[in-house]
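Remarks on the structure that follows.
Whatever order the structure lists them in is the order used to number ligands and atoms, beginning at 1.
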Amino acid sequence: MSSKPKPMGPIIPISTAQALVSLVRNPLDAVPPSIFTEPMVFARTAGDVKVWIADPVLVHEALVKNADALGKGDQVRRALGPALGEGLLTADGSHWKWQRQSVASAFRPASLQELQPMMIAAAEHARDRLLQQSPGVVDIGHEMMRTTFDIIVQTMMSGGHGIDVGRVERSITDYLDPSGWTFALGVIGAPDWMPYPGRRRALAAVKFLRSSLARVIAERRRGGEERNDLISMLLAAKDPETERTMTDDEMVDNLMTFITAGHETTALGLAWTFDLLSRHPEIEQKVLKEIASVSSGRQIASDHIPMLTYTRQVFSEAMRLYPPASIITRTALRDFRLGEFLIPTGAVMFVPIYALHRHSLIWQDPEVFDPQRFSTEATKERHRFAYIPFGAGPRVCIGSGFALMEAVAVLAVILQTVSLTSVAEQPPKPLMKVTLRPKKSLMMKVRAR
Ligand code: HEM
């Protein structure tokens with residue numbers, strides 16, 4: 001492809017008012033409908049052209065080959081900066097790199113292996129909590145948030161040092177609730193201080209979350225028992241260029257990042273999976289059969305997890321339909337070529353994972369829940385970047401292996417003895433609040449099997 005790249009176009013005009021209303025109500029509605037059938041779409045809102053890509057080859061070209069031409073940009077800074085500062089998810093350039101290197105070893109397969117018993121124990125607590133409420137009705141989203149939160153604080157923060165779990169969960173929701181407003185105000189270039197509904201509550205939530213973590217760090221700096229967890233890694237981290245260590249604020253940025261990115265996403269993936277299984281009894285039966293044969297009817301143990309391949313396929317397929325992180329955003333730091341077009345410095349690019357995973361050029365019957373799409377053979381036949389729930393390139397999710405392992409453990413432990421049935425006749429619509437939440441709580445009838 002040596003010809004001169006073309007300037008962006010043709011461009012779909014989207015009325016600013018329409019875009020703002022969609023962003024505030026549900027940013028998923030601001031995704032141009034044509035990106036579900038076209039590989040690339042240019043859309044103009046409030047004067048600026050945004051590039052939308054939902055094509056595996058272009059995703060590879062942008063997020064992998066041209067990763068150095070892309071920064072997280074103003075959208076991410078506005079939405080997540082107040083909570084996550086410049087931690088691993090939000091930082092760019094060399095500040096991002098040394099943070100990623102500092103924690104990488106915690107996510108290598110051998111380290112993850114050691115965490116499996118803790119994941120199973122947390123899943124057993126969740127199962128017991130559910131059984132205590134049987135027969136009854138539970139909010140499975142809420143139950144899964146508690147479960148994955150327990151897992152993240154047990155595995156990464158040696159138990160969490162008495163953090164108030166309920167208040168943390170409410171605070172994260174309070175913070176994410178008005179996120180549509182931060183996107184909308186970003187589109188019209190409003191200043192950061194501009195008031196919007198829910199802002200005061202969101203800022204109070206951040207204050208509570210950050211101060212709770214600052215206390216944990218102060219306690220760890222004072223010393224005491226030797227521990228080997230994420231906090232010890234952050235305390236020991238040293239920038240190879242400047243040799244400096246992390247300030248308390250930078251430590252809080254990263255703990256906030258791991259606590260939020262590390263539990264909300266997996267919890268949502270699990271909640272959607274339980275809902276889908278309840279609506280597809282023949283698939284649920286296959287999962288139950290696999291769990292029974294792998295465990296021989298005994299309690300789930302670490303060595304069962306890698307053998308539960310169909311259960312993993314089910315979770316993957318649920319994340320195709322409901323990717324917990326459904327849109328990736330980047331800003332061009334320099335001009336670069338994407339396909340036949342020239343993307344200019346400053347252009348904002350979106351990778352709508354939600355649309356890529358339901359794209360008519362990639363998936364047959366995209367709306368149908370079919371875990372067979374993730375069999376080894378079917379996966380081999382597809383482009384690697386047709387399915388990217390964890391992103392792609394150097395900024396790919398550091399916790400993908402962690403998430404898959406915990407999701408399979410939670411599904412297996414719970415499904416083995418607990419039956420869950422969705423109360424609502426139709427599945428709820430997904431609502432994007434940075435992550436992809438159900439519009440109405442996923443209420444499920446619970447009973448012992
Ligand atoms: C099903 C669960 C999860 C999903 C769907 C998910 C999805 C993602 C995606 C799409 C990104 C890339 C964002 C971008 O390119 O802008 C990301 C990054 C990240 N995720 Fe996850 N994630 C999950 C679980 C986890 C877990 C369990 C952890 C930690 C224990 C974690 C920590 C992070 C961090 C720290 C980053 C930033 C990495 C970097 O920029 O270097 N995530 N995640």
Polar proximity ligand 1 side, Trp96 side, N/O cut 3.5 Å exclusive = yes

N/O separation below 3.5 Å, Thr257 to ligand 1 | no

Is it true that the NZ or CZ of [X] lies under 6.0 Å from the centre of [Y]'s six-membered ring and within 45 degrees of the ring axis?
X      : Y      : result
Arg358 : Tyr322 : yes
Arg382 : Phe374 : yes
Arg167 : Phe208 : yes

Considering non-hydrogen atoms of the protein only, which is the closest contact for [atom], and what is the distance?
atom                    : value
atom 32 (C) of ligand 1 : Ala261 CB, 3.8 Å
atom 40 (O) of ligand 1 : Arg395 NE, 2.8 Å
atom 6 (C) of ligand 1  : Phe390 CD2, 3.7 Å
atom 16 (O) of ligand 1 : Lys72 NZ, 2.7 Å
atom 26 (C) of ligand 1 : Gly262 CA, 3.5 Å
atom 23 (C) of ligand 1 : Thr265 OG1, 3.3 Å
atom 34 (C) of ligand 1 : Ile398 CG2, 3.9 Å

Could you verify whether a donor N or O on one side chain and an acceptor N or O on the other, from [X] and [Y], lie under 3.5 Å apart?
X      : Y      : answer
Ser278 : Glu284 : no
Ser316 : Arg373 : no
Thr379 : Arg384 : no
Asn254 : Gln99  : yes

At less than 4.0 angstrom from any non-hydrogen atom of [X], what atoms of ligand 1 do you find?
X      : result
Phe258 : 29 (C), 35 (C)
Met319 : 1 (C)
Pro389 : 5 (C), 7 (C), 10 (C)
Ala403 : 1 (C), 2 (C), 24 (C)
Phe402 : 27 (C)
Arg330 : 14 (C), 15 (O), 16 (O)
Leu88  : 35 (C), 39 (C), 40 (O), 41 (O)
Arg100 : 38 (C), 39 (C), 41 (O)

Any His263 heavy atom less than 4.0 Å from ligand 1 | no

Proximity flag Thr155 to ligand 1, non-hydrogen atoms under 4.0 Å | no

Should the proximity of Ile152 to ligand 1, defined as any heavy atom under 4.0 Å, be assigned to the side chain, the backbone, both, or neither?
-> side chain

Please state whether the rings of Trp363 and His357 are parallel, tilted or perpendicular, taking 30° and 60° as the class boundaries.
-> perpendicular

Using the ring of each side chain (for Trp, its six-membered ring), is His60 parallel, tilted or perpendicular to Phe385, with breaks at 30° and 60°?
-> parallel

Shortest heavy-atom approach to atom 37 (C) of ligand 1 - which of Leu89, Val103, Leu112 | Leu89

Best match, Cys397, Ser400, Gly87: closest heavy atom to atom 20 (N) of ligand 1 = Cys397

Any salt bridge between Arg220 and Asp229, counting N to O under 4.0 Å?
-> yes

Look at Glu250 together with Arg244 and state whether they make a salt bridge at an N to O cut-off of under 4.0 Å.
-> yes

Is the side chain of His95 donor-acceptor paired with the backbone N or O of Ala91 at a distance under 3.5 Å, no angle test?
-> no

What's the verdict on side-chain hydrogen bond (donor to acceptor under 3.5 Å, both in side chains) for Gln113 and Ser302, showing C-alpha distance, side-chain angles and the deciding distance?
-> CA-CA 8 Å; Gln113 207 74 25; Ser302 292; over 6 Å; no

